[in-house]
Amino acid sequence: MNNRIRHILKYFKDTPEVQRIKELEPYIDNNKKINELFSLLKDKQKELVRAQNGNDICDLKKIKQEYNGIKQKLLDLPFLEEYLELVDYEHNILQQLASEIEIELQKSLK
């Protein structure tokens, strides 16, 4: 691994956001209720995709309401909402960085 990549990895590992994510992960990983809700949410998400592909508007509406209900139960847990926001924030930064790297690589290949 070259020094630039090591530097970037160190930067991300040391950010307050990543540190907070690491603090919250054990609470989430070890919480049976949260894991069950995440599992239900994933199942509903799959049902939602199937309903969208099947063009069944009645099922789609019902499943979407159920999905949103489960999602809201998860978001009602303050630390979980914080965790998801932090993960989303870090994911966006990584996507932006990947895009910038891709642009620079394309420039260097021309």
Side-chain angles (χ1 to χ4, degrees):
M1 201 179 313
N2 73 32
N3 286 336
R4 292 170 99 181
I5 294 173
R6 281 192 190 103
H7 176 73
I8 291 168
L9 287 173
K10 184 175 177 354
Y11 165 78
F12 278 107
K13 287 180 182 179
D14 292 341
T15 63
E17 293 84 5
V18 169
Q19 293 303 313
R20 183 64 177 149
I21 289 170
K22 288 179 182 179
E23 289 172 9
L24 294 173
E25 280 178 338
Y27 295 107
I28 293 166
D29 293 340
N30 297 320
N31 187 306
K32 186 178 177 181
K33 180 181 176 182
I34 291 173
N35 286 308
E36 287 173 357
L37 286 171
F38 267 126
S39 181
L40 282 171
L41 192 67
K42 287 178 189 177
D43 291 344
K44 285 296 168 191
Q45 196 169 32
K46 290 175 187 175
E47 285 182 46
L48 196 56
V49 170
R50 283 192 298 268
Q52 286 171 333
N53 291 335
N55 295 322
D56 189 342
I57 295 173
C58 293
D59 277 351
L60 182 62
K61 193 173 185 178
K62 179 185 170 208
I63 294 168
K64 193 168 189 168
Q65 286 175 337
E66 292 170 352
Y67 173 85
N68 287 334
I70 296 167
K71 185 177 178 183
Q72 190 56 53
K73 285 180 185 177
L74 284 167
L75 293 176
D76 285 344
L77 302 167
F79 69 92
L80 191 59
E81 183 176 11
E82 176 188 7
Y83 173 79
L84 293 173
E85 287 174 0
L86 289 170
V87 168
D88 188 47
Y89 173 78
E90 289 297 313
H91 177 74
N92 288 337
I93 289 174
L94 289 173
Q95 280 187 320
Q96 182 181 3
L97 180 62
S99 177
E100 290 176 20
I101 290 170
E102 184 179 345
I103 289 167
E104 290 301 316
L105 283 173
Q106 288 177 357
K107 285 181 185 176
S108 69
L109 294 174
K110 290 183 179 180

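Note that the numbering runs from 1 along the sequence shown for the chain. Quantities reported herein were computed from a predicted structural model and do not represent experimental measurements.
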Output the distance between atom OH (Tyr67) and atom CG (Leu41), rounded to the nearest 0.5 Å. 4.5 Å
Under the salt bridge (charged side-chain N to carboxylate O under 4.0 Å, His left out) criterion, do Glu36 and Lys33 qualify, and how do the steps go? CA-CA 5 Å; Glu36 287 173 357; Lys33 180 181 176 182; over 6 Å; no
With rounding to the nearest 0.5 Å, note down the distance linking CD in Glu104 to CD in Gln106. 10.0 Å
How many angstroms lie between CG in Asn68 and CD in Gln65, if you round to the nearest 0.5 Å? 8.0 Å
Working to the nearest 0.5 Å, report the span between OH of Tyr83 and CG of Leu74. 12.0 Å
Decide salt bridge (charged side-chain N to carboxylate O under 4.0 Å, His left out) for Arg20 and Glu17; before the verdict, give the C-alpha distance in whole Å, the side-chain angles of both, and the deciding distance to 0.1 Å. CA-CA 5 Å; Arg20 183 64 177 149; Glu17 293 84 5; over 6 Å; no
Given salt bridge (charged side-chain N to carboxylate O under 4.0 Å, His left out), test Glu25 with Lys22 step by step and report yes or no. CA-CA 5 Å; Glu25 280 178 338; Lys22 288 179 182 179; over 6 Å; no
Could you go step by step and tell me if Asp76 and Gln72 meet the side chain to side chain donor-acceptor pair (under 3.5 Å) rule? CA-CA 6 Å; Asp76 285 344; Gln72 190 56 53; 2.7 Å; yes
Between Ile63 and Ala51, which heavy-atom pair has the shortest distance, and what is it? CD1-CB, 3.9 Å
Examine Ile93 and Ile21 and state if one hydrophobic cluster contains both, with Ile, Leu, Val, Met, Phe, Trp and Tyr joined whenever side-chain heavy atoms are less than 4.5 Å apart. no
Please name the pair of heavy atoms, one in Leu48 and one in Leu60, separated by the smallest distance, quoted to 0.1 Å. CD1-CD1, 3.6 Å
Do Leu86 and Leu94 belong to the same hydrophobic cluster, where Ile, Leu, Val, Met, Phe, Trp and Tyr are linked whenever their side-chain heavy atoms lie under 4.5 Å apart, directly or via other members? no
Crowded around Phe79 CZ? As in, over 12 foreign heavy atoms under 6.0 Å? yes
With rounding to the nearest 0.5 angstrom, report the CD to CG distance, Glu47 to Leu40. 10.0 Å
Rounding to 0.5 Å, atoms CG (Leu75) and CD (Glu85) come to a distance of 8.5 Å
Minimum-distance pair of heavy atoms, taken over all atoms of Ile34 and Asn31: N-OD1, 3.0 Å
Contact check, side chains of Leu84 and Asp88, non-hydrogen atoms, under 4.5 Å: no
Stepwise side-chain contact (heavy atoms from CB on, under 4.5 Å) check, Val18 with Asp14: CA-CA 7 Å; Val18 169; Asp14 292 341; over 6 Å; no
Indicate if Tyr11 and Tyr89 have the same hydrophobic cluster label, given that clusters are the connected sets of ILVMFWY residues with side-chain heavy-atom separations under 4.5 angstrom. yes
Any side-chain heavy-atom pair of Asp43 and Ser39 under 4.5 Å: yes
Donor + acceptor pair across side chains of Gln96, Asn92 (<3.5 Å): no
Transitively linked via ILVMFWY side-chain contacts under 4.5 Å: Leu37 with Tyr27? yes
Is it true that atom CZ of Phe12 has more than 12 heavy atoms of other residues, nucleotides or ligands lying nearer than 6.0 Å? yes
